[in-house]
Amino acid sequence: MLKGKHIILGITGSIAAYKAAYLLRLLIKQGAEVQVVMTPAGKEFITPVTLSSLSGKPVVSEFFTANTGEWHSHVDLGLWADAMIIAPATASTIGKMAHGIADNMLVTTYLSCKAPVFVAPAMDLDMYAHPSTRHNLDLLRSYGNHIIEPATGELASHLTGKGRMEEPENIVAVLDRFFERKQSLAGKTVLVTAGPTYEKIDPVRFIGNYSSGKMGFALAEACAEAGAEVVLVAGPVALKTGHPSIRRIDVESAAEMYRAAVEAYDHADAAIMCAAVADYAPETVSDVKLKRSGEERVLRLKPNPDIAAELGHRKRAGQYLVGFALETNDEESNARSKMAKKNLDFIVLNSLRDAGAGFRCDTNKVTVIGREGKPVEIPCKLKTEVAVDIVDLLARCMNEGR
Ligand code: C5P
C-alpha cells in the first residue's frame, strides 16, 4: 500500500531518533518516497548523513541551505506529501504543533501539510503523563491527526506501554492500514442521515432533541475518507463539512429528511441511519406565534414516517442498511428486534447508561450487532474513531458480499 507514496518523515530531538533510521529504511523498502525533515535538536541525536543516504534525498532542516541560500518550500513539501509522520515526536514539538508555534522547518511543514499526519510520541513517562502533554495530544487529535501510541513491547508492563516510541514495524503497519482503508469504499455511494429533526409548532417553536449530529458527521467523514461518495442528509446542527466527497443536504423536519433520504437511497450502495428522527410531529402548525393564555393547552401529535424502515422495505439485493439504537433498558434484545423490523444489516447500539456515550459529547461507546456472529464491542473513544471502526465493519461486509 505504501508503494509510490510520498511521505514526509519528521524527526525531533528524542533519544528514540535512532529508531527513525530503521523506520525510514522500512518505508523505503515498501516503495515509499521519503523526505526527511528534522528539528535542530533532532540532528543532535542522529546525523542527517545517515538519513539522506537511506532516503536518497538531502535532509531538510533549515528554511535556507546555508551555503547556496536555496529556500526550502514547506508549502510545496506539504502539498507533495501523501502523509506526514513525526517519529519520534517530543513533548516540545507536540506542544508547538498543538499551538502553531512555527519556529522551525518541521512545525512549519506540519502547518502547511494537507495530507494526513501521524504522530508517534516519545518521551519520559512523567512528561508523557503531564496534563500539558495530554492536553496537547488531545488538541492534535481534535485537528484530525493520528496519534500512534505504543500498546505492547518490552517496557509495556511497567511503563503501561506509554512514554516510549512505538516500534517502527507497527508505525508502518498503521500507515499501511490507513492507505488500505482509504480505498475500502472506493466507487461506492453511501447515504448518511445525521442530527436531530425539528418539528414545527409555530413560526418560533419546535419539538426537537439533544442530538448534536457529531456521530453522523464523523461517519460521513469516515466514509469519504474510505473513498466513498457520500450524501449527508443533515438535520439542524451547527457542524461544518469539509470533505469534497461529501454532498450535504440540509433538512429540518422528519418529513423533509424522509424525502431526501428515500431519493438518495435509490442511488446508494449503503445507508447509515444515524439521525435522531422525531417520532411525532404536531398535527397542525400554527401560522402565527401561539399566544400565552391562562388555559392548559393540548398539542396533538401525528406519527412521523420511519425512514430506516422505509429504506429497509425498499432495499435491493446488494444494498446495505445500518441503523442506530439508543436504548435505556433491555438494550440488546430491543436492538435486535429493531434490526429485524427495519430490515437492517446491522445495528449500532449505544446505551444512555454508559458514561461518555450518547448525545452531545465527543466520545461514544457502542456495540455493533450483526445478523450473524457475536456483537462487536467498540470501547469508549472519540466519535471520529468510533466512526472509522463502524465504517471498517461496513466496508468489510460490502467487500465480502455478506
Ligand atoms: O425506532 P428507533 O427510533 O429507536 O430506531 C432508531 C433507528 O431508526 C436509527 O437508525 C434512526 O436513525 C432510525 N429512524 C429513522 N426514522 C425514524 C425513526 C428512526 O430513520 N422516524
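The chain is numbered in sequence order, starting from 1. Every number for a ligand or one of its atoms is a count from 1 in the order of the listing.
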What are the polar N/O contacts of ligand 1 with the protein below 3.5 Å, with distances?
from: ligand 1; atom 1: 1 (O); to: Lys342; atom 2: NZ; distance (Å): 2.8
from: ligand 1; atom 1: 4 (O); to: Lys338; atom 2: NZ; distance (Å): 2.3
from: ligand 1; atom 1: 5 (O); to: Lys342; atom 2: NZ; distance (Å): 2.9
from: ligand 1; atom 1: 8 (O); to: Lys342; atom 2: NZ; distance (Å): 3.0
from: ligand 1; atom 1: 10 (O); to: Met273; atom 2: O; distance (Å): 2.6
from: ligand 1; atom 1: 10 (O); to: Phe324; atom 2: N; distance (Å): 2.7
from: ligand 1; atom 1: 10 (O); to: Phe324; atom 2: O; distance (Å): 3.3
from: ligand 1; atom 1: 12 (O); to: Met273; atom 2: O; distance (Å): 3.2
from: ligand 1; atom 1: 12 (O); to: Ala275; atom 2: O; distance (Å): 2.7
from: ligand 1; atom 1: 16 (N); to: Ile307; atom 2: N; distance (Å): 3.0
from: ligand 1; atom 1: 20 (O); to: Ala308; atom 2: N; distance (Å): 2.9
from: ligand 1; atom 1: 21 (N); to: Pro305; atom 2: O; distance (Å): 2.8

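- Minimum heavy-atom separation, Asp266 to Gln319: O-NE2, 4.4 Å.
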Derivation of the ring pair (Phe, Tyr, Trp, His ring centres under 6.0 Å) call for Phe346 and Tyr320: CA-CA 9 Å; Phe346 51 91; Tyr320 288 79; 8.1 Å; no
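- Shown here is Arg181, whose CZ atom has more than 12 heavy atoms of other residues, nucleotides or ligands within 6.0 Å.
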Could you give me the CA-CA distance, side-chain angles and deciding distance for Leu2 and Phe179, then say whether side chain to side chain contact (heavy atoms under 4.5 Å, CB included) is met? CA-CA 7 Å; Leu2 295 177; Phe179 285 114; 3.4 Å; yes
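- In this structure, Glu331 does not pair ionically with Lys338, as no charged nitrogen and carboxylate oxygen lie closer than 4.0 Å.
- At most 12 non-hydrogen atoms from other residues, nucleotides or ligands lie less than 6.0 angstrom from CZ of Arg25.
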